[in-house]
Asks: 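Quick one: the structure is below, and I'll ask about it shortly.
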Amino acid sequence: MTMNIVEKLKNKIREQIIEALENNKAEGKIKYEEIPGFIIEVPREKAHGDFATNIAMLMAKEAKMNPRQIAQLIVDKFEKEGTWAEKIEIAGPGFINFYLNPHWLFEVLPLVEKEDENYGASEVGKDIKVQVEFVSANPTGLLHMGNARGAALGDTLANLLTKAGYSVTREFYINDAGNQIENFGKSLEARYFQELGHDFPFPEEGYHGQDVIDTVRRIINDKGEAYLKLDQEERRQKLVEIALKEKITAIRNALKEFGVEYDVWFSESTLHESGAIEEVIQLLKEKDLIYEQEGALWFRSSRFGPEDKDEVVVRSNGTPTYFAADIAYHKNKFDRGFDWVINIWGADHHGHVARMKGAVEAVGYNPDNLTVILMQLVRLFRGGEIVRMSKRTGKYVTLTELVEEVGKDAARYFFVMRNPDSHLDFDLDLAKQDSAENPVYYVQYAHARICSILKAAGENLPRAVNVNLKLLNETAEIELIRKIADLPDEIAQAAKALEPHRIARYAHDLASTFHTFYNSCRVLTDEQELKYARLVLVNATRITLRNVLNLLGVSAPERM
RNA sequence: GUGCCUGUAGCUCAGCUGGAUAGAGCAUCGGACUUCUAAUCCGAGUGUCGGGGGUUCGAAUCCCUCCAGGCACGCCA
C-alpha cells in the first residue's frame, strides 16, 4: 500500500470541516440540507497558507448567511488534532486558510527513501484494465513527426497510468490491409521494374519516397529478377510481403531507439482473415444498423453522433472499408476485457471520433469507455522556415533522423512538454543546440548536481530515520520537501486527466526548486547534523527527479 | 457552408477543471563563482487573458455571439 501524504492530509482536513459543520448544525447555528462538493487546495499565494477551502462561499446561498460568518462557525468548531494545523484564518470573501506546522512534511522523506523507484505510485487505477493504442503508423513508410509526437505522448501516458496503478497494455495497430497496401504493391512493382531497367509508369497515388526504392534495391540484391516472370497479382503480393516485414521491423526499431516498446502488435489483416469484419457487419445487420444503397453497405452512424453522416462499410465492389475494419478492431479491444480504451490520433482524424464512438455503442459497449486523444499536428522549423513535407516526393524528416539530430531525451521532452491540443512548432536548430535553452538540460542538470554532492559526501549516506529532520527549516528546504511530497498526487491527476504535459512541468518545477535550494543552502557543511539532514533531503530529491525523468523516458545522467 | 482545435507578456507556452494580486522559459537590463557542477541562482519591467454580451459572491476558465489562424468534411486511411 503506497501512501499519498498530501491526499491523506487533505482528506483529514475535509473530514474535520464536515464534522465542524455538523456540530454547528446540531446546535442550530446553521441550516442546510446537504454539504456541497467543495475543494481543499494548495493556494497559489504562499501567504494564503498551506491549504485553503472555498466551502463557506459555496454554502452561503443555501444557508442564507454571509460566507465569512459561515467560515467563522467552521473555524470555531474545527478540531485541529491530527491535521497539523497551527493557525486558521478567514480571508477575502470567505476562504478558510490553514497554516500547518511544517513538520507534517517530514514524513515524506523516509517514505521516498523506502519506496525508492516506486515513489510516486498510487492506486487510483487499481483493477482497471486500460489499453493505450498509439502511433499505429502506416507500415508503408517511415515514422514522421506526427508519429513521433504520438509516440512520446502515448508512451509517457502509459507510464503515468502504470504508475497510478492501472493495468496498462501498449498496442500498435498495423494497417497491413486495404487500399494503401494495394498502392504500396503497385509502387513496389513499378520501382522493381524501373530499377531493373524497364519502362514502367509510376502509379498516380503511389509512394514516392526514397525508402521504397531502397527496399526494392535490397529485394533485387537478394532475389534478382525472379519476380519479373510472375503474374501481376502474385508479384505484388511477394513484394508487399517482403517490404512490409522490412518496414515493420524498421518502425519497431525506430520506436525502440526512442524508448518505446509495445506489448501487442495487432495486425489489421488478421481481422480480414479471421472473418471478424464480416461477423461485426452481420451483427450490425441484425440490429438493423446496416442498409444497402447504390450497391454499397452503409452503417447508420447518424443514429449515434449528433448529426453525423452515415458511413460506407462495404464498397460496391465488395471490399470492406477501413472503417469496417476499425469497428471490428474496437469490438475486439473491448472483447479482450479492457475497461478503458485510449487512442491517440492526429487531429486530422477528428472527424472519425464521433462515428467510432457510435460504432462502439452499436456493437454493444459503452462509448464513454473509449477516449480519443487528438493531438494537433507538428510543424518543423529549420533556419526559421517551415520544413515542408511533401507527399508527392515522399520527403520528410523521420523519427530516426530526429533522434540522431537532437537526441532521444530532448525530443521526448519537447513533444511531451506541450498540451496535445496545441500546435507544436518544433525548432530543429534550437533543439539541436546543446544549450541551456533546451529545458531538458535544466532538469537533467539538477540530477547531475545532486549526484555530484552525494559522491563528494562519501559512501555513508545517512538514513532518514537516523537524522534530525527538524533542522530543515529554511524556506528553500521546506519548499523542496513540499514539492517532493506532491509527486504521487501529480501523477494520479495527470494520469486521470490524460495530460502528460503536467509531468514535464512538474519536472521543471522540481528542478527549479532544487536549484534555488542549492544556491541558498550548502549541503556539505561543517555542522554534522545539518549535513546529514540535508543529505537525506537531497537524496530524496534525486529519487524523485529520477522517477519523473523515467516516466518521461528521459535519462537521468549522473554527470554532465 | 458544417464540425473540431487554437487565440494569455516582444517570442514559445503554463494556468491544478469557477477562486484571492494571471504565471514560467527565452529575449532585455543589473547583480552573485577561491565554496557541494555558473548548463545555476537573485533582482527589475511589460498584459484591453482575440472583441462584445451573459451566468454569480467571484470568469482566462462555463454559455451565447462575432473576428482571426489551423485541421477535417471521400465507396482514402
Side-chain angles (χ1 to χ4, degrees), chain A residues 39 41-45 47-48 52-54 56-58 60-61 66-67 91-95 97 136 138 140 175 178-181 183 205 268 293-298 305-309 311-317 319-323 325-326 346-354 374-377 379 417-425 427 430 434-439 441-442 444-446 448-457 486 489-490 493-494 497 499 501-502 504-506 508-509 511-512 514-525 531 534-535 538 559-560:
Chain A
I39 56 169
E41 64 171 357
V42 178
R44 196 170 44 219
E45 288 289 324
H48 293 143
T53 181
N54 62 348
M57 276 107 71
L58 295 178
K61 190 174 265 181
N66 180 321
F95 289 102
N97 296 337
S136 296
N138 257 335
T140 53
N175 300 128
N179 254 334
Q180 83 278 12
I181 293 298
N183 281 328
E205 302 277 302
E268 179 188 347
Q293 191 181 305
E294 294 164 20
L297 294 184
W298 297 70
E307 49 202 321
D308 212 11
K309 289 180 288 189
E311 204 65 24
V312 170
V313 285
V314 179
R315 301 185 186 89
S316 48
N317 69 7
T319 59
T321 60
Y322 170 83
F323 183 51
D326 228 10
D348 51 338
H349 287 70
H350 77 257
H352 193 52
V353 176
L374 294 172
M375 42 166 201
Q376 299 298 316
L377 303 180
R379 290 193 304 179
M417 218 166 67
R418 273 150 170 143
N419 191 322
D421 279 339
S422 65
H423 298 256
L424 177 53
D425 289 342
D427 187 334
L430 188 83
D434 279 1
S435 76
E437 286 167 39
N438 205 325
Y441 292 125
Y442 181 86
Q444 291 180 313
Y445 184 55
R449 265 185 154 175
I450 295 171
C451 291
S452 175
I453 295 172
L454 296 177
K455 205 170 154 197
D486 279 342
D489 209 33
E490 290 281 345
Q493 288 197 35
E499 290 177 344
H501 69 278
R502 286 196 195 179
R505 205 178 70 241
Y506 174 81
H508 191 273
D509 283 354
S512 168
F514 168 74
H515 284 311
T516 298
F517 159 80
Y518 181 90
N519 277 277
S520 70
C521 302
R522 192 178 165 76
V523 176
L524 302 179
T525 157
K531 180 173 88 176
R534 285 183 175 165
L535 278 171
V538 153
R559 238 172 307 152
M560 285 177 78

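Throughout, a chain's letter reflects where its sequence line sits, starting with A, and its residues are numbered from 1. Given the structure is predicted, the values throughout are model-derived calculations rather than measurements.
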Asks: Tell me whether the NZ or CZ atom of R449(A) lies within the 45° cone about the ring axis of Y518(A) and under 6.0 Å from its centre.
Replies: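 Pair R449(A)/Y518(A) counts as cation-pi.
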Asks: Is rC67(B) syn or anti, taking syn as a glycosidic angle within 90° of 0?
Replies: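 The base of rC67(B) is oriented anti (glycosidic angle more than 90° from 0).
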Asks: So, is Y442(A) near the phosphate of rC41(B), with a side-chain N or O under 4.0 Å from OP1 or OP2?
Replies: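 Answer yes for this pair, as a side-chain N or O of Y442(A) is under 4.0 Å from OP1 or OP2.
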Asks: Please report the interatomic distance CE(M375(A)) to NE2(H349(A)), rounded to the nearest 0.5 Å.
Replies: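 Here the rounded value is 10.0 Å.
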Asks: Tell whether H349(A) reaches the base of rA77(B) with its side chain through a donor-acceptor pair below 3.5 angstrom.
Replies: yes
Asks: With the 90 degree cut-off around zero defining syn, does rU17(B) come out syn or anti?
Replies: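 Syn for rU17(B); the angle stays within 90° of 0.
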Asks: Does Y518(A) make a side-chain N or O approach to OP1 or OP2 of rA38(B) shorter than 4.0 Å?
Replies: yes
Asks: Tell me whether the side-chain N or O atoms of D509(A) pair up with the base of rA14(B) as donor and acceptor below 3.5 Å, since no angle test is needed here.
Replies: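 Result: no qualifying N/O pair found.
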Asks: Examine the base of rC75(B) for any acceptor or donor lying under 3.5 Å from a partner atom in the side chain of S316(A), and report the outcome as yes or no.
Replies: yes
Asks: Please determine whether a side-chain nitrogen or oxygen atom of R315(A) lies at a distance below 4.0 Å from atom OP1 or OP2 of rC76(B).
Replies: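 For rC76(B), OP1 or OP2 has a side-chain N or O of R315(A) closer than 4.0 Å.
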Asks: Rounded to the nearest angstrom, tell me the gap between atom CG in L524(A) and atom C1' in rC36(B).
Replies: 5 Å
Asks: Provide the Watson-Crick or G-U wobble partner of rU37(B), both distances under 3.5 Å; none if there is no partner.
Replies: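 The base-pairing partner of rU37(B), which may sit in any strand shown, does not exist here.
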Asks: May I ask you to verify whether the side chain of H508(A) and the base of rG25(B) hold a donor-acceptor pair under 3.5 Å?
Replies: no
Asks: Roughly how many Å is it from CG in N519(A) to C1' in rA38(B), rounded to a whole number?
Replies: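 N519(A) atom CG is separated from rA38(B) atom C1' by 8 Å.
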Asks: Write down the distance separating the C1' atoms in rA9(B) and rC26(B), rounded off to the nearest Å.
Replies: 12 Å
Asks: Closest to the R44(A) side chain: rC75(B), rC5(B), rA22(B)?
Replies: rA22(B)
Asks: Do any side-chain nitrogens or oxygens of R449(A) fall under 4.0 Å of OP1 or OP2 in rC41(B)?
Replies: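 It does not, given that no N or O in the side chain of R449(A) lies less than 4.0 Å from OP1 or OP2 of rC41(B).
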Asks: So H508(A) and M417(A), do their side chains get closer than 4.5 Å, heavy atoms only?
Replies: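 Result no, sub-4.5 Å side-chain heavy-atom pair not found.
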Asks: If only side-chain N and O atoms of T516(A) are considered, is one of them under 4.0 Å from the OP1 or OP2 phosphate oxygen of rC42(B)?
Replies: yes
